[in-house]
Structure formats: structure tokens, C-alpha cells
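Below is one structure; the comments refer to it alone.
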Amino acid sequence: MMGHGKVVLVLGGYGGFGGRLSRRLSNDGWTVLVAGRNLESGRAFASKLVNAQAIKADREQDLTPVLQTYRPLLLIDAAGPFQDSDYRVAEACIACGVHYIDLADARAFVGSIAVLDDQARAAGIVVLSGASSVPAMSGAVVEELAQGMDDVCSVSMAISASNRATAGASVAAAILSYVGRPIRLWRAKRWRRVTGWHSLKRVRYSVEGRAGISRLVALSDVPDHDIVPAAAKGKPATIFRAGPEFALQLLILWLFSWPVKWGWIRSLSPLARRLRPLQAISANLGTDRSAMMVEVKGRQGEQCIGRRWTLIAENGHGPEIPTMAAQLLANRLADGKLRVGARPAAGQLSLGDFEPLLDGLSTWRQVDERTYLPVYRRVMGKAYDALPKPMRDMHDVFGDAGAAGFATVTRGRSPMARLVATIMRFPPEGEHRLHVSFAEEGGVERWTRDFDGHVFVSELSQSSRHLVERFGQMRFHFDLPSDEAGLTMIMRKWSVLRVPMPLFLAPKSVAREWAEGEDFWFDVPIALPLIGDVVHYRGRLRRI
């Protein structure tokens, strides 16, 4: 029996992240109980630490006897995986009067930890879930970047680990649990279902004075997808991506995601242990560089402001970062600075809390800030300011936004017109509820129009004094004559595969936009030479 004291029991205490955390807590003066299923591995690791002892403990079994025997002040669960896990460990801690922290990144597990709040409060116990890179550290970065913003439009995050730092089976199982599976994302002011490990994107991580890193990342499911929209001003769209150092590894997993998406198999989770030998083969390849990026876009007064925080870790120090939040919170607990109750670890720490620990590693950080002018403002100049407010609200696209309303669609009568409308994925004839998603990145706006489930997309950008709208490989250049009543889109040129085409062969369309009351109204007819009317849609929208 050790008694409470400054004693911490670390489940998985000799593992990839648990071992690093045990070492950090030992250096901070904690007596560390290095716990896990393999007592010999635990002893070998504990022998290298000051004030450490190995004990046998299995998070899948009842831990009450272990907690009653050793009576630690705190238990930290660094074992995982937490996907499809229950709260038996935290409940045992509450029952035995032991504080609890975990390194979970499982969305449902972290998001529902508050179900233990009443029990924890009654017992005077602190229960914190998600004390890792996400959501504890990522949440601190988002809060820092959003300082001074009146409204946050979007939050985008990405992490890429060094190939040499790839963690064990629990991390692999966590990733495989959502590959190809539906993930709920808050986008354009509504919840959408998207596919895990899709939405691929190449991210460049840049810090002045260091070589940049460019890596492919894919959509991952993390607690931030619920926590950030609920906590940040404006309920911003939020997306988190992650990826390994080598794009080939990501793409192979992406290929395996399709049988899951199609329903042929339920999950790739059973493959977790089989992937470890394959990973070991390439463990000595690649670099020792990891990276993390958080970008927040929002409005401050009349300005659109984007802030991006980038971290690059070298010399193999990347895997230290996921343990920092738990270390900080453990020390804060020992100082009596954490309130009792059960909750996610997001919002418990500031970015400044992490800085001293990051300074002790080979890490480099940078915050970049820029202002932005939406596409219509850039094209129209001063004439934009004369537009009615509902029109300016609709076209002030930055980061992510949404609008909802209704539309009436009519189609051309000829067989050729109907064929063209089908190929272009124009909506069917009739009355429709309409939702429009606006997503801006790199100065290009992506408009996704959803007519009762019938979706078609175009991209808007600027070319000299023209607004350019792209449908697939077709680009249309417009003038935007306007007055205080509204604007008209007049086509001046067009191209296919960037090859200029004769204007007399162009689709015929004079689109109009105007405002009535608080609503944005539109009227868009589209016809083709020799074919006639193809589609005509008109209606009203209001920003959500």
C-alpha cells in the first residue's frame, strides 16, 4: 500500500505514449505505478525511472482490487483503444476515490464522459477525458487563434506523424475503426454524413527557418468535430485530418475503405494487429519529422481574418506531444487546481500552458495571419458596397457558410435538353427545398446547391475584372453590372479544358440576383444554341 500521496498509476505505462508519459511524470516528482498486462515489460521499463514500480493491471478487467491495494491519487489511462470502450475504468476510479485522466481521442467516448459527472461530483473526483493532442491541445490552439474574432467561420486541423514515430496497435485500431465508415460533420450550418479516411488533401506545414513538410492527409473522426462547433463563437464548420508520412500508406488504406463504404464488410478494425508487422518493415524509413496545423477563419468587425498555427517537431520528438496535456493536468491536479466532475479535457488548458514543454523539445511553431476579401468584393470593387444587405451577406463567403430557402425548377422539353440537364446534374422539375453550402479555400469559393437531395456544384474565382464560374472542365467569365437593386451576370467568354470557345456556341444565360426584405432572390435561366431551354431555376435564400 502506498497511500494517495503524489502517486499516479499509468495504464499502458510502458507503451508508446504511456512510456513517455511515465517518464515525464517521474521527472516531475511523481511516484509512478507502471501498469499493464505484461509485468516483465513493465519491470524492464520501470527500472529505468526514478520512483517507479511495475504492477500488473488489465483495463478490460475490474481494477477495483488494484486501486484499493495501491491507492494512487490519480490513474491515467494511456492504453486504449477507446473506440467501443465503456467507462469501467473511470467508474472504478470514482468508486475508489481515485482521480482519472485519459488520452482518449475517440469521439463518442470523450463526448459522453459527462454521463459520469454526477457520480464524480458526489465523490469529489476529477474525471477528464481526451488529455492529448486532440481535443485538449487542439482546443487550446483554436481558442488562442479565435481571440478577438466576433464570429468563427471555420476550423481546419491536420496532423502528420513521422513514419518512425508510428504508434502501436491501439492507435491503428482507432484509425481503422472509422476508415470507410460514416462520420458526422458540421458543415455549412448543418450536420452532414461523410466517409472516414476520404476528403483527401495535401497540406503544407511551413515554419520560417525550417524545411517545409508537404503530406497527404485524410478525414479522421475525433472529439473536436463535436466540441469545437459547440464551444466556438458562430458554431464554425470543423474538420480534422490526419495521415502518415508516406502517401502510399494513406492511399492503400483509402483503397481498403471502399469495401467498408459499400457495405461489403463492417469495419477494418480486425486488421490492426496484422498491420503491425508491415509497419515494422518500414519503421526505419522516412524522417523523424512530425507536424500539426490548426487554421481558424473568422470575422473581426468588417474584416475577414485567417490565422494558422503550425508546429514542426524534429529529432523524433513528435510522439512526446500527445502526452503533454495529461502531464500538465496531472500536475495541476496535484496542486489542487482542477474542479471536480467529469468532462472532456478540451478547454482545461491554454496554449501558453504548453509552451514551456514544447520549448524543451526540438519543436518550431509559427502563427500566420492574413486578411481576405471575398470573390464578389474583389471583382466588383466599390460597386459591391451599394448592393442590398441580403446580397452582401450571401456573397461575403469566407471559410464556410450556408443558406437555406426554396426554389422552383423547370426543364426544357426536348429530349436533348433533358439529356444535357441530366449530364450536368441539374435538379428535376418542381418545387424544392434548397440548401446552399459555401466553402472557401485559397480564394476560390465552392458552391454546393442541394435541391432536396439533388446536388450540383460549381466553383467561383476571379480572373482580372471577371467572375469565373467553373462547372467541371468548363469555365465561364462574367461581368457583374449592378445597382442598389441587385446585379446581373453577363457572360463575356468561356472555355473547355482551358481552350477558348466561340461565344456564339456558349450557353445562353442572363442570371439576376436581387433582395426583397431579408431574402436573397435569384433567377437563373440556361439555354443552349440549337437545343433551346435546358433548365431554369429561381427562388429565395437566407443565410443560416
Side-chain angles (χ1 to χ4, degrees), residues 81-84 104-112 130 134-135 138 152-159 173-201 216-232 234-243 250-251 253-269 344 399-405 407 425 427-428 432-441 445-459 541 543-544:
F82 297 91
Q83 281 74 11
D84 300 322
D105 63 358
R107 181 175 180 175
F109 185 93
V110 176
S112 298
V134 293
S138 56
V152 181
C153 304
S154 66
V155 174
S156 176
M157 296 172 272
I159 289 179
I175 294 171
L176 293 175
S177 69
Y178 54 72
V179 170
R181 302 276 295 171
I183 292 179
R184 203 171 73 118
L185 280 191
W186 179 252
R187 307 289 290 173
K189 304 302 181 184
R190 66 174 181 172
W191 290 106
R192 292 183 54 216
R193 293 281 179 180
V194 294
T195 303
W197 211 250
H198 285 212
S199 302
L200 273 58
K201 180 181 179 181
L216 198 64
V217 289
L219 176 63
S220 305
D221 202 17
V222 294
D224 306 65
H225 286 145
D226 290 319
I227 292 172
V228 174
K235 200 169 184 180
T238 303
I239 187 165
F240 178 92
R241 295 179 174 94
L250 184 148
L251 292 171
L253 203 54
W254 174 79
L255 288 173
F256 280 132
S257 75
W258 288 96
V260 180
K261 179 179 175 65
W262 294 331
W264 297 356
I265 56 177
R266 183 178 181 277
S267 171
L268 296 180
S269 294
D400 182 279
R425 303 187 68 179
H432 298 273
R433 289 172 301 176
L434 174 61
H435 182 279
V436 181
S437 302
F438 310 99
E440 170 277 324
E441 186 165 359
E445 297 176 7
R446 183 179 178 87
W447 288 42
T448 302
R449 304 161 183 86
D450 184 343
F451 294 79
D452 276 328
H454 299 275
V455 177
F456 75 98
V457 180
S458 68
E459 292 184 347
L541 289 166
R543 280 286 285 266
I544 304 171

I'd like to know whether CZ of R192 has more than 12 heavy-atom contacts from other residues, nucleotides or ligands below 6.0 angstrom. no
inquiry  = Given 3.5 Å as the limit, does a donor-acceptor pair link the side chain of D400 with the main chain of A439, or not?
reply    = no
Any donor-acceptor N/O pair, T238 side chain to P236 backbone, under 3.5 Å: yes
Which atom pairs, one a donor and one an acceptor, fall under 3.5 Å between side chains of residues 179-189 and the rest of the protein, sequence neighbours left out?
from, atom 1, to, atom 2, distance (Å)
R181, NH1, R266, O, 3.2
W186, NE1, K235, O, 2.9
K189, NZ, G234, O, 2.6
K189, NZ, K235, O, 3.4

Residue set satisfying side chain to side chain donor-acceptor pair (under 3.5 Å) with E440, at least two apart, ordered chain then number -> K297
Those residues at least two apart in sequence (or on a different chain) that pass side chain to side chain contact (heavy atoms under 4.5 Å, CB included) with T448 are S437, R446, V455, V457
The side chain to side chain contact (heavy atoms under 4.5 Å, CB included) partners of A104 (sequence neighbours excluded) come to F82, D102, F109, V110, S129
(request) Look at the rings of F240 and H225 and say which category their plane angle falls in: under 30° parallel, 30 to 60° tilted, over 60° perpendicular. (result) perpendicular
Output the distance between atom [atom1] ([X]) and atom [atom2] ([Y]), rounded to the nearest 0.5 Å.
X: R190; Y: H435; atom1: CZ; atom2: NE2; answer: 4.5 Å
X: D84; Y: S269; atom1: CG; atom2: OG; answer: 7.0 Å
X: F438; Y: R449; atom1: CZ; atom2: CZ; answer: 8.5 Å
X: I239; Y: M157; atom1: CD1; atom2: CE; answer: 9.5 Å

Taken in chain and number order and not counting sequence neighbours, the residues that satisfy salt bridge (Lys or Arg N to Asp or Glu O under 4.0 Å) with D221 are R107
What pairs of donor and acceptor atoms, side-chain ones from residues 253-265 against any protein atom, are under 3.5 angstrom apart with sequence neighbours left out?
from, atom 1, to, atom 2, distance (Å)
S257, OG, H198, NE2, 2.8
S257, OG, W254, O, 2.5
K261, NZ, T195, OG1, 2.9

Ignoring hydrogens, what is the shortest heavy-atom contact between [X] and [Y]? Give both atom names and the distance.
X: L219; Y: S199; value: CB-CB, 4.1 Å
X: A106; Y: P223; value: O-CG, 3.8 Å
X: F456; Y: R425; value: CB-O, 3.4 Å
X: R241; Y: S156; value: NH1-OG, 4.3 Å

